[in-house]
Amino acid sequence: MKKVLALLFLLCLASCNDDKDQPTPSPDPAVLAKQQAPFGTSAVDVKLTKLLYNGKLFAEYFYKGDLLREQKKYLLFNVPGHYQTGSFKRNGATLESYDVEAAQWIAESQYVSDVFKPSYSIRFDAPVFDTLRTVTEENLVFLSNYTRTYIFDKQGFVKREVFLERSYGSNDITTNYIRNEQHNVVTSTATYASQPSVANRIEYEYDSHPNPFFKLGIDRNGQLAAHSLSPNNIVKETVIDAAGPVYFIEYKYEYGANGYPSKVKVLSNSQGFIPYTIEFSY
């Protein structure tokens, strides 16, 4: 616990140094409201309802008003099997928790239980600073606990994430995001506490169309990850190590009349990668 508190103090100090004109320590509601989803209060523009993976149901989305209320995920069996539900709880428009229930399943027999049990729980801690938010996560299957701390820039976009594995502490990760003038993440760099001299870097390229995951606050897998952090859609990501590019992933989109993706084909030169297609329904 002392380790977490010490790190939060240092993060806050660094954030204040970066953004000296930000009011601290009392959070400004106007600043908090414009923070990147799921932390802020911005509503979705267009409601994504389903994702199909190679023609099979992969995910469904449900809303309360214009804010995401629930995500259901499906296994890609002959008959898609509903195996996970994530529910968002809000106080007004402010997100307080995300609770996931999951069913047991067996791939060989394509069996999915109809009994759902709590799988993991995420708590969005009350904000203390305008530029820093913390999330606590409990994995109820593996009995692990995590803390994620997000640091925002003046425009309300995530610029740094610190992951602390409180159960063990050996897998702590700091990820820094560099954005362009459109607020799209162009570079992400992850540094591991166990190997501070080694960092993983990914570079991203974008189109100018709106990203359906951006205001949902989660990507297609239910995580606050790279594909939900930028207003536009990634068309290419390149994974780079100390020796140079390792592999790339390309996204070839088709767009509907609303400007959002209707279909994307995903390709890569990574060894063993199998191309796939995702279809979007609104």
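Computed over heavy atoms, backbone and side chain alike; hydrogens, waters and symmetry mates excluded.
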Flag side-chain contact, heavy atom, 4.5 Å: [X] against [Y]:
{"X": "Asn211", "Y": "Asn232", "value": "no"}
{"X": "Phe157", "Y": "Gln35", "value": "no"}
{"X": "Thr174", "Y": "Arg160", "value": "yes"}
{"X": "Glu96", "Y": "Phe124", "value": "no"}
{"X": "Ile278", "Y": "Asn54", "value": "no"}
{"X": "Pro261", "Y": "Tyr282", "value": "yes"}
{"X": "Trp105", "Y": "Phe77", "value": "yes"}
{"X": "Leu51", "Y": "Gln71", "value": "no"}

Say whether [X] and [Y], considering side chains only, have a donor N or O and an acceptor N or O under 3.5 Å apart.
{"X": "Tyr204", "Y": "Ser230", "answer": "no"}
{"X": "Thr238", "Y": "Tyr247", "answer": "no"}
{"X": "Tyr192", "Y": "Asn200", "answer": "yes"}

Just say parallel, tilted or perpendicular for the rings of [X] and [Y], cut-offs at 30° and 60°.
{"X": "His82", "Y": "Tyr74", "value": "tilted"}
{"X": "Phe273", "Y": "Tyr276", "value": "tilted"}
{"X": "Tyr98", "Y": "Tyr120", "value": "perpendicular"}

Spacing of [X] atom [atom1] and [Y] atom [atom2] [to the nearest 0.5 Å]:
{"X": "Leu68", "Y": "Ile218", "atom1": "CG", "atom2": "CD1", "result": "5.0 Å"}
{"X": "Glu101", "Y": "Ser121", "atom1": "CD", "atom2": "OG", "result": "10.5 Å"}
{"X": "Glu138", "Y": "Thr147", "atom1": "CD", "atom2": "OG1", "result": "11.5 Å"}
{"X": "Leu164", "Y": "Thr149", "atom1": "CG", "atom2": "OG1", "result": "6.0 Å"}
{"X": "Gln223", "Y": "Leu229", "atom1": "CD", "atom2": "CG", "result": "11.5 Å"}
{"X": "Thr85", "Y": "Lys72", "atom1": "OG1", "atom2": "NZ", "result": "5.5 Å"}

Problem set entry | Residue pairs, two or more places apart or on separate chains, that pass salt bridge (charged side-chain N to carboxylate O under 4.0 Å, His left out) and touch residues 180-207 | Arg201-Glu203
Exercise. After noting the C-alpha distance and the side-chain angles of Asn233 and Tyr255, does the key distance pass the side chain to side chain donor-acceptor pair (under 3.5 Å) rule?
Worked result: CA-CA 11 Å; Asn233 297 297; Tyr255 286 96; 3.2 Å; yes
[Y]/[X] salt bridge by N-O under 4.0 Å criterion:
{"X": "Asp125", "Y": "Arg133", "answer": "no"}
{"X": "Asp66", "Y": "Lys47", "answer": "yes"}
{"X": "Arg148", "Y": "Glu137", "answer": "yes"}
{"X": "Asp130", "Y": "Lys154", "answer": "no"}

Problem set entry | Aromatic ring proximity Phe39/Tyr150, centre distance under 6.0 Å | yes
Problem set entry | CA sep, side-chain torsions, deciding dist, call: His227, Tyr251, ring pair (Phe, Tyr, Trp, His ring centres under 6.0 Å) | CA-CA 12 Å; His227 285 259; Tyr251 303 85; 5.3 Å; yes
For this session: Could you go through the side-chain contact (heavy atoms from CB on, under 4.5 Å) check for Tyr253 and Val235 one step at a time?
Result: CA-CA 8 Å; Tyr253 296 90; Val235 296; 4.0 Å; yes
Hey, quick one: are [X] and [Y] part of the same hydrophobic cluster, counting side-chain heavy atoms closer than 4.5 Å, chains of contacts allowed?
{"X": "Leu76", "Y": "Val266", "answer": "yes"}
{"X": "Val135", "Y": "Phe213", "answer": "yes"}
{"X": "Tyr61", "Y": "Val264", "answer": "yes"}
{"X": "Leu267", "Y": "Tyr53", "answer": "no"}
{"X": "Phe62", "Y": "Leu48", "answer": "no"}

Locate the shortest heavy-atom distance separating [X] from [Y]; write the atom from each residue and the value.
{"X": "Gln155", "Y": "His183", "value": "CG-CE1, 3.8 Å"}
{"X": "Ser119", "Y": "Ala102", "value": "CB-CB, 3.9 Å"}
{"X": "Ser188", "Y": "Thr175", "value": "CB-CG2, 4.4 Å"}
{"X": "Gly156", "Y": "Phe152", "value": "O-CD2, 3.4 Å"}
{"X": "Ala225", "Y": "Asp219", "value": "CB-OD2, 3.3 Å"}
{"X": "Val100", "Y": "Gly86", "value": "CG2-CA, 4.0 Å"}

Exercise. Hey, mind stepping through Val158 and Ile151 against side-chain contact (heavy atoms from CB on, under 4.5 Å) and telling me if it holds?
Worked result: CA-CA 6 Å; Val158 175; Ile151 297 90; over 6 Å; no
Problem set entry | Step-by-step side-chain contact (heavy atoms from CB on, under 4.5 Å) determination, Leu216 to Phe214 | CA-CA 6 Å; Leu216 289 186; Phe214 176 60; over 6 Å; no
Seminar exercise, completed: Per side chain to side chain contact (heavy atoms under 4.5 Å, CB included), Thr187 is matched among Ile240, Asn180, Asn176, Ile178 by Ile178
Exercise. Would Tyr260 and Asp45 satisfy side-chain contact (heavy atoms from CB on, under 4.5 Å), going step by step from the backbone distance to the final call?
Worked result: CA-CA 10 Å; Tyr260 283 82; Asp45 297 315; 3.3 Å; yes
Exercise. Looking at Tyr177, is Lys159 sitting on its ring face, NZ or CZ under 6.0 Å from the six-membered ring centre and within 45 degrees of the normal?
Worked result: no
Exercise. Got more than 12 heavy atoms from elsewhere within 6.0 Å of NZ, Lys50?
Worked result: no
Exercise. Is the number of heavy atoms from other residues, nucleotides or ligands under 6.0 Å of Glu70 CD greater than 12?
Worked result: yes
